[in-house]
Amino acid sequence: MCQAGEGMDKQVAKDIVLKALYEVAPDLEGVEVKYDADLRRFYDIDSVDYLSFIIKLHKQTGRDIPEADYPKLTSIDRAVAYLAEN
Amino acid sequence: MRDLPVIKKQRREGGVQPNLQHYDETYASFSWRDLAQELTRGHADVGADSSLNIASIALDQNLSDGRGEQVAVRWLAAEGDIIRDFTFAQLAEFSARFANVLRGLGVCASDVVCTVLGRIPELYTVCFGTLKNRSILCPLFTAFGPEPLRMRLDLSRAKVLVTSRNLYERKIAPMRSSLSHLSHVILIDVYQEQILLEGTQSYGLLMAHASPVFHIPPTRPEDPALLHFTSGTTGTPKGALHVHQSVMVHYATAKYVLDLRPGDVYWCTADPGWVTGTSYGIIAPLTVGVTLVVDEAEFDAARWYKILQDQKVNVWYTAPTAVRMLMKSGEALPQSYDLSHLRHAVSVGEPLNPEAVLWSQRVLGRPIHDTWWQTETGGIMVANFPVMDIKPGSMGRPVPGVEAAIVSVVNGVLQPITEPNVEGELALRVGWPSMFRSYLNQDERYKKCFIGGYYLTGDLARRDADGYFWFVGRADDVIKSAGHLIGPFEVESVLIEHPAVAEAAVIGKPDPLLMEVVKAFVALKSGFSPDEATRKDIIALARRRLGPAVAPREIEFVADLPKTKSGKIMRRLLKARELGLPEGDTSTLERPSAVTDLALQSGQGVATGGSR
């Protein structure tokens, strides 16, 4: 687990993001998901799924993700970058 | 009952007064005939042979009223700070072109045109073009999976589908060959002939070649106009069919309930795939000549406050789930936005909880006014009006022109309940213009909704001594989640397609955000273990086939399901157990299973060991 403010390794971040996504939407496992595509617009992730996704990321990493940052995690790439940079 | 403070309304000093200033007087003197005169500027006596077309009233009439150059739709793109404005004159022309497109394709009056579209500008053109051609508009939800889409396209016998390339490729193309009625698929975002997908046409190309002039053929008030699907406890979804004179209710409620006036900026956050997004996201507000704000993006608290501020929204129609999501984002956030243009806030979808009403009064500086209606009613039926004191948690009082009652049905006879605060079924006296005229091709189910001159809503409610109505619950097993009705049968049918599932029962589990979430109780076939992998696999199937809005969000494995002696699964019993309520009369139960009871009570699933 990382401390807030300390970016994590990108590969680790990617594993965490994908795991959280597949837990929320197991239908995406095995599907080719474009890493830069908005999950909510192109992969049927609705508002409730998205909230669950963020809560799972929070639980996995132990870091707070303030509400104001929610729009920064809308694709796999963006979520990985967020975890890696923050 | 908790004692909650009543929000008192005082007459505004100066400034804008509500359209409806004296509820009781207006309710007593109201007539639909007068309303029709007002709506058509005295041109139409809405008799059986007169012409009344929704598109003509909601769109074209704004041109003769001198609003041609006013912005009708202000569209905010999801990405980049892109704003596109469309005037009434432009929308009138575009929709005339689309009506010509349909005519050119051989699409006739009463043919069904389905849309599976997000909040994009073309939606408005397609909607009004379809109505101008006197075809029937049937909006479907983009978050539906292929199964609900296939079912609805089939049941409606849709001749035309308008959607986007992405949605078509993911959800429609794989099953296209089974959609035997579907003649034309029009893709909004495909512009060049060479990249067109097989069996589809380009919206842009069709529009470019269509004439901008279209004369709306005479449209009778009783001609069909809108088809909205809703769900029952059993069987297939029901297509509630509405007629052109529904626009009278749209207009009356836009005026009295939404308190709209020409030139207002209005924002309806509902998805256009459902009845609210059509009736109040497109039609009703334009009958009054307002500017619609349309946001393509998904929910985001900061973005929403910014839209209310930057677009100077005067009237806002949203949903309890969205309000609760805003509440979750904290009270500090809205303080940094200027919401002073907001004059009136309204909600629909499920009962707005009292905390949300009080929160909005405290944080937004104005209470959110809850309303009640359903797909079948075609428009708002019961509401909290701007002029009326709000009792937080109540749906308010009937709209002028609508007669609401609490009733019980005993041995097939309707009995009104007049005593205050006694629970019964909410019923509406037949006769309001936007009442559904059929469940498409399901006459028996339609007839069952009516008794003694009343439409039975399926909602349990009570009326207090002041005439305010209070929602109590559903009379059937239909699930209410995020403002949408979900039929348990539709979900169960997909669950039992999974090779591991022997039986499934689906209920609405109370949820602080969505009112209810879809929860499935699943009994596995022997040889399958109730583990995480199985659970994920079943959820994956359900999401792929049904889409996220309909698929269960929770699965609990049980040894078997409680059934009546005739073998019917008792969802109500499962729900009672889930809620920890008394289980009621279980004497008709087939064989209450001790193992199941134990598992349900402890909230832990158990493996099914026996064979089936």
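Throughout, a chain's letter reflects where its sequence line sits, starting with A, and its residues are numbered from 1.
With a threshold of 4.5 angstrom between heavy atoms, Ala297(B) does not approach chain A through any atom at all. Interface residue Leu514(B): only side-chain heavy atoms are found under 4.5 Å from chain A. Contact annotation for Leu28(A): neither backbone nor side-chain heavy atoms come within less than 4.5 Å of a heavy atom of chain B. At a 4.5 Å heavy-atom cutoff, the contact between Leu513(B) and chain A is made by side-chain atoms alone.
The shortest distance between side-chain heavy atoms of Leu18(A) and Ile76(A) falls below 4.5 Å. A heavy-atom distance below 4.5 Å is found between the side chains of Leu197(B) and Leu187(B). Leu364(B) has its side chain within reach of Trp316(B): a pair of non-hydrogen atoms, C-beta onward, lies under 4.5 Å apart.
Nearest heavy atom pair, residue Ser360(B) against residue Ile368(B), reads OG-N, 3.0 Å.
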* Would Ile479(B) and Val506(B) count as a side-chain contact (heavy atoms from CB on, under 4.5 Å) if you check the C-alpha gap in whole Å, the side-chain angles of each, and the deciding distance to 0.1 Å? -> CA-CA 9 Å; Ile479(B) 298 157; Val506(B) 165; 3.5 Å; yes

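For the pair Glu355(B) and Arg362(B), the salt-bridge criterion is not met [side-chain N within less than 4.0 Å of a carboxylate O].
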Just list the donor-acceptor pairs under 3.5 angstrom between chain B and chain A, please.
from, atom 1, to, atom 2, distance (Å)
Glu79(B), OE2, Arg41(A), NH1, 3.2
Arg170(B), NE, Phe42(A), O, 3.3
Arg170(B), NH1, Phe42(A), O, 3.3
Arg170(B), NH2, Phe42(A), O, 3.3
Lys171(B), NZ, Asp44(A), OD1, 3.2
Lys171(B), NZ, Asp44(A), OD2, 2.9
Glu296(B), OE2, Arg41(A), NH2, 3.3
Phe299(B), O, Arg40(A), NH1, 3.1
Arg543(B), NE, Asp27(A), OD1, 2.7
Arg543(B), NH1, Asp49(A), OD1, 3.2
Arg543(B), NH1, Asp49(A), OD2, 3.2
Arg543(B), NH2, Asp44(A), O, 3.4
Arg543(B), NH2, Asp49(A), OD2, 3.0
Arg553(B), NH1, Asp49(A), OD1, 2.8
Arg553(B), NH2, Asp46(A), OD2, 2.7

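We find the OG-CG distance between Ser231(B) and Leu485(B) to be 6.5 Å, quoted to the nearest 0.5 Å. We find the CH2-CD1 distance between Trp267(B) and Ile307(B) to be 4.0 Å, quoted to the nearest 0.5 Å.
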